[in-house]
Participant: 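The structure under discussion is supplied below as structure tokens; questions concerning it will follow.
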Number of protein chains: 2
Amino acid sequence: MYSEAMATQDRLIETTQELLWERGYVGTSPKAIQQRAGVGQGSMYHHFTGKSDLAAAALSRSAQQLRAQAEQQLAGPGTAYERIAAYLLRDREVLRGCRIGRMAQDPDVIAEAELRRPVEETFDWLCGRIAEIVAEGQADGEFATGPDPADIAAAVVAVLQGGYVLARAADSPEPFHQAVRGALALLRNR
Amino acid sequence: MYSEAMATQDRLIETTQELLWERGYVGTSPKAIQQRAGVGQGSMYHHFTGKSDLAAAALSRSAQQLRAQAEQQLAGPGTAYERIAAYLLRDREVLRGCRIGRMAQDPDVIAEAELRRPVEETFDWLCGRIAEIVAEGQADGEFATGPDPADIAAAVVAVLQGGYVLARAADSPEPFHQAVRGALALLRNR
DNA sequence: GTCTATACACTGATAGAC
DNA sequence: GTCTATCAGTGTATAGAC
């Protein structure tokens, strides 16, 4: 086990994850993947049927990793507010943006169901998971019971995704941190 | 005045605005612009030095339009909360996303100062404008005075930008509306 | 499994005629 | 101002040898 073939496949997938993060789907060519991975043309097309097949594998893996990372903070100790704050305040490479959220802007990803699915599922899961925590907070009297937990959760996730947009626009992580601070201020003591 | 040359330039700029919105900078080719605008190759290169020159003109125009649109709600009547709510609840083509925010994901836009500047300036202006309104609301006792108005403003703008991301990921406007409802619920009565 | 060769359209432009 | 010709390089593969 752990054959050479497996190693090549993995290098291709990892490299594709990187390039999709940096340049998006439209901006990533098979040639660029091959060069960065140090894998030949024939080799790439032996393991994957083409660019979109490889991208689907890369996105699935990124989605799984993002979910595992998020769960570290969301399943941690503390009150509902503390767990959401821990997630929002987690150390992030802000200017690189979100590996999954970035794909939502790519027309070819949105158009191809295979590629959009991991993106959709990730946000469905994340919003649902945070909504659970908000609902717990409401049940404990920590948050006001008026708003739908799903609405609050969507706002929390949107602040992160939008924070990345503001940071990249400014070429500075600061607007991201402002948005997170603002969201936490609004969330506190509700 | 209103020469034919002006009309051609305008058609090129408008077409480029559309294509940048739909496909981003990396995904938009000079040829695609020419074909959709019904303008020949030589004509395009007569009026603009190249793709990035044309994109700069298109982004400047989009930035100016976005600003004028936003000001309609932000300068309207009502309390601070009401004006922010009016802006967030304005009718939008949610699945098309934000013409300006979309550009923040494009590596070639972020890398080229000429192209990033209109994006940066738009968000600087928008966050500043909303921060003013939040500060007014705090002065009037409408909002709690603890949080920095700039943080609240960044969170509000991030909810919009992130809401577009969630909507495109889901291929449905609903998550956008959830995020907006969530943000307004948090903002209310503060 | 990996390599090289080949293919054909598209990218982003420049040159010069009209 | 607009048109057509031309160009070197890239995008996204397929074919067949090793």
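Note that the coordinates shown come from a computational prediction; the quantities given were computed from them, not determined experimentally. Computed from heavy atoms alone, side chains included, the values below leave out hydrogens, waters and symmetry copies. Proteins get letters first, then strands, A, B, ... in listed order; numbering begins at 1 in each.
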Participant: Select one nucleotide: of D/dT2, C/dG12, D/dT12, the one nearest the side-chain heavy atoms of B/His47.
Facilitator: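 Between D/dT2, C/dG12, D/dT12, the one nearest the side chain of B/His47 would be D/dT2.
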Participant: Please check the phosphate of C/dG1 (OP1 and OP2 only) for any side-chain N or O of A/Ser43 closer than 4.0 Å.
Facilitator: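 So the side-chain polar atoms of A/Ser43 never come under 4.0 Å of the phosphate oxygens OP1 or OP2 of C/dG1.
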Participant: Please pick, from C/dT2, D/dT12, C/dG12, the nucleotide with the shortest atom-to-atom distance to any side-chain atom of B/Ser29.
Facilitator: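 Selected nucleotide (nearest to the side chain): C/dG12.
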Participant: Counting the atoms with a prime plus P, OP1 and OP2 as sugar-phosphate, which does A/Gly42 contact under 4.0 Å by heavy atoms, base, sugar-phosphate, or nothing?
Facilitator: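 Base contact.
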Participant: Is the Lys NZ or Arg CZ of A/Arg117 less than 6.0 Å from the centre of A/Phe123's six-membered ring, within 45° of the axis?
Facilitator: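 Checked: cation-pi criterion not met.
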Participant: Let me know the distance between CG of A/Leu12 and C1' of C/dG1, rounded to the nearest Å.
Facilitator: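 Result: 12 Å.
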Participant: Is any side-chain heavy atom of A/Leu89 closer than 4.5 Å to one of A/Gln73?
Facilitator: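 With C-beta onward as the side chain, the pair stays apart.
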Participant: Choose from C/dT11, D/dG1, C/dG1 the nucleotide whose nearest atom is closest to any side-chain atom of B/Lys31.
Facilitator: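 The closest nucleotide is C/dT11.
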Participant: Could you tell me the separation between the CD atom of A/Gln34 and the P atom of D/dT10, rounded to a whole number of Å?
Facilitator: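 Distance, rounded to whole Å: 13 Å.
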Participant: Can you tell me the distance, in whole Å, between the NZ atom of A/Lys51 and the P atom of D/dT10?
Facilitator: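 Between P of D/dT10 and NZ of A/Lys51: 15 Å.
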Participant: A/Ser52 near the nucleic acid: base, sugar-phosphate alone, or nothing, with a heavy-atom cut-off under 4.0 Å?
Facilitator: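 Since no nucleic acid heavy atom lies under 4.0 Å of A/Ser52, the category is nothing.
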Participant: Respond yes when some side-chain nitrogen or oxygen of A/Thr8 is under 4.0 Å from OP1 or OP2 of C/dT2, and no when none is.
Facilitator: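 It does, given that an N or O in the side chain of A/Thr8 lies less than 4.0 Å from OP1 or OP2 of C/dT2.
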Participant: Taking all atoms of both residues into account, what is the closest heavy-atom pair of B/Cys127 and B/Ala153, and its distance?
Facilitator: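 Closest approach of B/Cys127 to B/Ala153: O-CB, 3.3 Å.
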Participant: Of the nucleotides C/dG1, C/dG12, D/dT12, which one has an atom closest to the side chain of B/Tyr45?
Facilitator: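 Selected nucleotide (nearest to the side chain): C/dG12.
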Participant: Measure from the side chain of B/Gln41, starting at C-beta and using heavy atoms only, and say which of D/dA5, C/dT11, D/dT12 lies closest.
Facilitator: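 Closest nucleotide among those given: D/dA5.
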Participant: So that I can tick it off, tell me whether B/Glu142 and B/Arg188 are bridged by a salt bridge, with the cut-off set at under 4.0 angstrom between side-chain N and carboxylate O.
Facilitator: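 B/Glu142 and B/Arg188: not salt-bridged.
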Participant: Between B/Leu54 (CG) and C/dT11 (C1'), how many Å, whole number?
Facilitator: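 After rounding, the gap between these two atoms is 15 Å.
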